[in-house]
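As the structure is a computational prediction, the values presented were derived from the model and not from experiment.
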Amino acid sequence: MSVLLIGNWDGPLLTITASYTVATGDQEAIDDLLHGHDGWAYEFLVDRHAEAVQRAYDQEIAPGTGACLVDDVEGFEPTR
């Protein structure tokens, strides 16, 4: 299984607005979930939402840039 996170960038802020557990590599399911969405989305090969958010933070939020990530789904606060 993997976790698909969906969100949006607004300036330096990445807000996670949806999270889905999908079969790893199930592109048809991912395409269905992303239908009509034109923001940020990424599939993480992890089992839990919190792990996916932490990976998104590590991958997308560079230290010293002033960017930040907010998880509107479960309120998980990633750390460095």
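Put simply, Tyr57 and Val73 are part of the same group of oily side chains (I, L, V, M, F, W, Y) that touch within less than 4.5 Å, one to the next. Linking ILVMFWY side-chain heavy atoms closer than 4.5 Å, directly or via other members, places Ile30 and Ile16 in two distinct hydrophobic clusters. Cluster membership check: Trp9 shares its hydrophobic cluster with Leu5, using side-chain heavy-atom separations under 4.5 Å among Ile, Leu, Val, Met, Phe, Trp and Tyr.
Every residue two or more places apart in sequence or in another chain that forms a side chain to side chain contact (heavy atoms under 4.5 Å, CB included) with Ala50 is listed here: Arg48, Phe76. Every side chain to side chain contact (heavy atoms under 4.5 Å, CB included) that Glu74 has, sequence neighbours left out, goes to His49, Asp71. Residues satisfying the side chain to side chain contact (heavy atoms under 4.5 Å, CB included) criterion with Leu33, sequence neighbours excluded, are Leu4, Tyr20, Val22.
Shown here for Ala41 and Leu34, the closest heavy-atom pair between the two residues is CB-CD2, 3.5 Å.
Between the Thr17 side chain and the Ile6 main chain, a donor and an acceptor come within less than 3.5 Å of each other. Judged purely by atom type and a 3.5 angstrom limit, Glu43 has no side-chain atom pairing as donor or acceptor with the backbone of Thr24. In this structure, Ser2 contributes its side chain and Val46 its backbone to no donor-acceptor pair below 3.5 Å.
Relative orientation of the Tyr42 and Trp40 rings is parallel, given thresholds of 30° and 60° on the angle between their planes.
Considering CZ of Arg80 and CD of Gln54, their distance stands at 8.0 Å, rounded to 0.5 Å. Once rounded to the nearest 0.5 Å, the distance linking CG of Leu69 with CG of Asp58 reads 10.0 Å.
More than 12 heavy atoms of other residues, nucleotides or ligands sit less than 6.0 Å from atom CG of Asp31. Glu60 CD: more than 12 foreign heavy atoms inside a 6.0 Å radius. For CD of Gln27, the number of neighbouring non-hydrogen atoms (other residues, nucleotides, ligands) closer than 6.0 Å is greater than 12.
Between Ser19 and Val3, the closest side-chain pair of non-hydrogen atoms falls below 4.5 Å.
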